[in-house]
There are 2 protein chains.
Amino acid sequence: MPATPAVPNGKRPTLADVASRAGVSTALVSIVMRGAKGAGEATRERVLQAAREIGYRPDARARLLRSHRSHLLGVQFGLQHPFHSDLVEGIYAAAEPAGYQIALSAVAAGRGEQRAVETLLDDRCEALILLGPQAPAARLAELAGQLPVVSVARRLRPSVPGLEVVRTADDEGARQAVAHLVALGHRDIAHIDGGRAPGAADRRRGYRTAMNRHGLGEYIRILPGGLTEEEGAEAARTLSATRPRPTAVLAFNDRCATGVLDLFLRSGVAVPGDISVVGFDDSHLARLAHIDLTTVGQDIARLAGLAVGRAVARLEGAEIPAGEQVITPRLVVRGTSAPPR
Amino acid sequence: MPATPAVPNGKRPTLADVASRAGVSTALVSIVMRGAKGAGEATRERVLQAAREIGYRPDARARLLRSHRSHLLGVQFGLQHPFHSDLVEGIYAAAEPAGYQIALSAVAAGRGEQRAVETLLDDRCEALILLGPQAPAARLAELAGQLPVVSVARRLRPSVPGLEVVRTADDEGARQAVAHLVALGHRDIAHIDGGRAPGAADRRRGYRTAMNRHGLGEYIRILPGGLTEEEGAEAARTLSATRPRPTAVLAFNDRCATGVLDLFLRSGVAVPGDISVVGFDDSHLARLAHIDLTTVGQDIARLAGLAVGRAVARLEGAEIPAGEQVITPRLVVRGTSAPPR
DNA sequence: ACGGAGTTCTAGAACGTTCTAGTTCCTTGA
DNA sequence: TCAAGGAACTAGAACGTTCTAGAACTCCGT
């Protein structure tokens, strides 16, 4: 039972408490706690022992207040996006070994991006990592003027000065999906798009150019969709009533594709027998055995690692040209795509 | 364009900067920024103007360091649980009007509860709200000895002293589900459980007692499940091969139920024609038009509000007896339940 | 015996706020 | 005219750290 309350008064133990117990100065305790050099082996042990005994934990806020560096990366993410959850998981994993902490700020109903970013700034984050930000480019530029900012999964055109961008080559992903379907023998391939969501424009463009390149321009059909299951199902409803019905469909993302799958199953359209379905993201969802979705894999760990990497590089003064890191996606073939019959 | 950099040197503007620009003391600026009384109307305007001009934002950490109160609630949640996302959303909404800020700390692969809680403590949170904590009761008790702790959606038995518990009456929920199915005419009702997940034991118990109470003890069948789609699908696979096949199934939660639904659809078992399916949580998932799941609704907004409320009450010194807040769930009947044929 | 070079340690000033205890100045009532 | 009371404002000490100097001590070669 190492951590009994053990505080003289009611307050939380501080450097001074440890110091007086170990019979040294607070400065020395600080040195020991940070693992800095400049303390004798014996004293170090004694201090650590004292700290352990009274259950001392350094006060992160006081620490940050004093030291010029905060080693804090602010991450803005959407609570309702599984893809963001996966990214955050990757960001945690990448930040720890680099010696940085993560401050999370969620975008949710009644809590917009503006607010989310403000709290991060108030917490003195050194850099911002924004997942799929929807804020206008001007706002991002303004932020980028204040501190390093990394935008993940959103293309910015023209590029905002000082802003780092880490994204998947969405157009290339769409091209790969189309190529896969064409190789299977499909010709009539529809696309359910993501409207104004980040990446949607690129995926739409990639689909269109791929179709044209394969000489299938006449089959191009883009249905308004979105990034939720409901919007996918809605588009699928339209699709299933269309004659002739396409033999394959590329959905904006996995959530959207799941909605499509579900509606098809319910209305007796066999997948992949009657129609092939391809998603985008390779989120946890797609990998589930009972969904088993063919999808365009975004390398989430890589995106996260790169986002952290760019932020850290900028912070550590590397004079890298602010720029775009584009990651090539990789098609993951699973059970929802097959030759048309 | 109100927020140009506008800082003399490269640093972020501070109270002193505003003070010298407005020609007053830092103390007065502090008063004005906090909206405290004790400043003249004219000066107040002048200070605010100066602050606006140089783009001043108070430093949250310095502020917290000085003022004894931090008005910070630490929230631990699971990144991969949609139900937690919904709760967090509700917590944000409840905390704001109460004058509290939220610090998020995620539990993810490679980042356990221990670590998540430690960072919250380091940030000097005043109270902890733990969503579905898995930590042993002893650990929770230890925490509760240090600061107010609210455990959401996990029953603790025997009750841990000093710990606040906010939860849904899981057993009652299961009873409602069974009653609904029985009223529809079902007798052979199976339950896919949640193993060691928070709430699972209570739901299991509720199912069992309800079955007995309706004189259906001989039909009791509990399949090992879990809280993910995969585990639900796995159990459904077993179930669909069982003869005689139950005419209804109560799944541990909505994710699990979704897995069940999907497997049934794929294997040609009609829902609700051949078998009725009931979930638990009423998360976003269940409400999706294409899933349309009958489910036991947890009042998420209420749970969140209560969690914040209890934490705040304890902080503001209300000497409420530490105790359990149990919320009665409400069955939401949708499209996956119908009379057996 | 002495100067230099490490080491190990300490005093005290930051960091950007809020808080306590005043001080100054204006009203106002007797 | 004067004290009392309040409003408007300020100086300076906190808060719990880290950082900059420098002090005290040891170890060496000369």
Query - Nearest-angstrom distance from the residue atom CZ of B/R34 to P of D/dA8 - result: 16 Å

**Report entry** N/O donor-acceptor pair under 3.5 Å between A/Y100 side chain and A/A311 backbone
**Finding:** no

Query raised in the report: Just how far, in rounded Å, is C1' of D/dC15 from CG of A/L65?
Result: 9 Å

Report summary line: Whole-Å distance, B/D59 CG to C/dA14 P, equals 18 Å

Requested in this report: For D/dT18, take OP1 and OP2 only and decide whether either is under 4.0 Å from a side-chain N or O of A/S67.
Outcome: no

Query raised in the report: What nucleic acid atoms does A/R61 come within less than 4.0 Å of, heavy atoms only: base, sugar-phosphate, or nothing?
Result: nothing

**Report entry** Residue B/V24, side-chain heavy atoms: nucleotide from D/dC15, D/dT10, C/dT10 that is nearest
**Finding:** D/dT10

Query raised in the report: Is atom CZ of A/R69 surrounded by more than 12 heavy atoms (other residues, nucleotides or ligands) closer than 6.0 Å?
Result: yes

Query raised in the report: Got more than 12 heavy atoms from elsewhere within 6.0 Å of CD, A/Q101?
Result: no

Requested in this report: Starting at atom NE2 of B/H71, determine the distance to atom P of C/dT18, rounded to an integer number of angstrom.
Outcome: 12 Å

Query raised in the report: Whole-Å distance between C/dC9 C1' and A/I31 CD1?
Result: 8 Å

Query raised in the report: According to a strict under-4.0 Å criterion, is A/T14 in side-chain N/O contact with OP1 or OP2 of D/dT17?
Result: yes

Query - A/S30 side-chain N/O to D/dT18 phosphate OP1/OP2 under 4.0 Å - result: yes

**Report entry** Pair of N/O donor and acceptor under 3.5 Å linking D/dT17 base with A/R63 side chain
**Finding:** no

Query - Shortest side-chain distance from B/T43, nucleotide among D/dC9, C/dA11, C/dG16 - result: D/dC9

Query - Donor-acceptor pair (no angle test) under 3.5 Å: A/R66 side chain, D/dT17 base - result: no

Query - Within 6.0 Å of CD in B/Q325, more than 12 heavy atoms from elsewhere - result: yes

Query raised in the report: What nucleotide, of C/dG12, C/dG16, C/dT18, holds the atom closest to the side chain of A/A27?
Result: C/dG12

Query raised in the report: For A/E41 and C/dT7, what is the distance between atoms CD and P respectively, to the nearest whole Å?
Result: 15 Å

Query - Out of C/dC9, C/dG16, D/dT17, whichever nucleotide has its closest atom nearest the side chain of A/A62 - result: D/dT17

Query - B/E324/B/R155 salt bridge by N-O under 4.0 Å criterion - result: yes

Requested in this report: Round to a whole Å and report the spacing from CG of A/D122 to P of C/dG16.
Outcome: 15 Å

Query raised in the report: More than 12 heavy atoms of other residues, nucleotides or ligands under 6.0 Å from CZ of B/R302: is that the case?
Result: no

Report task. Specify the separation, in whole Å, of atom CG of A/L28 and atom P of D/dC19. Result -> 15 Å

Query raised in the report: Would you say B/R115's side chain and B/R111's backbone share a donor-acceptor pair under 3.5 angstrom?
Result: no

Requested in this report: Could you tell me, to 10°, how much the axis swings from one end of the helix from C/dA1-D/dT30 to C/dA30-D/dT1 to the other, five pairs per end?
Outcome: 50°

Query raised in the report: Do the side chain of B/R154 and the main chain of B/P133 share a donor and acceptor less than 3.5 angstrom apart?
Result: yes

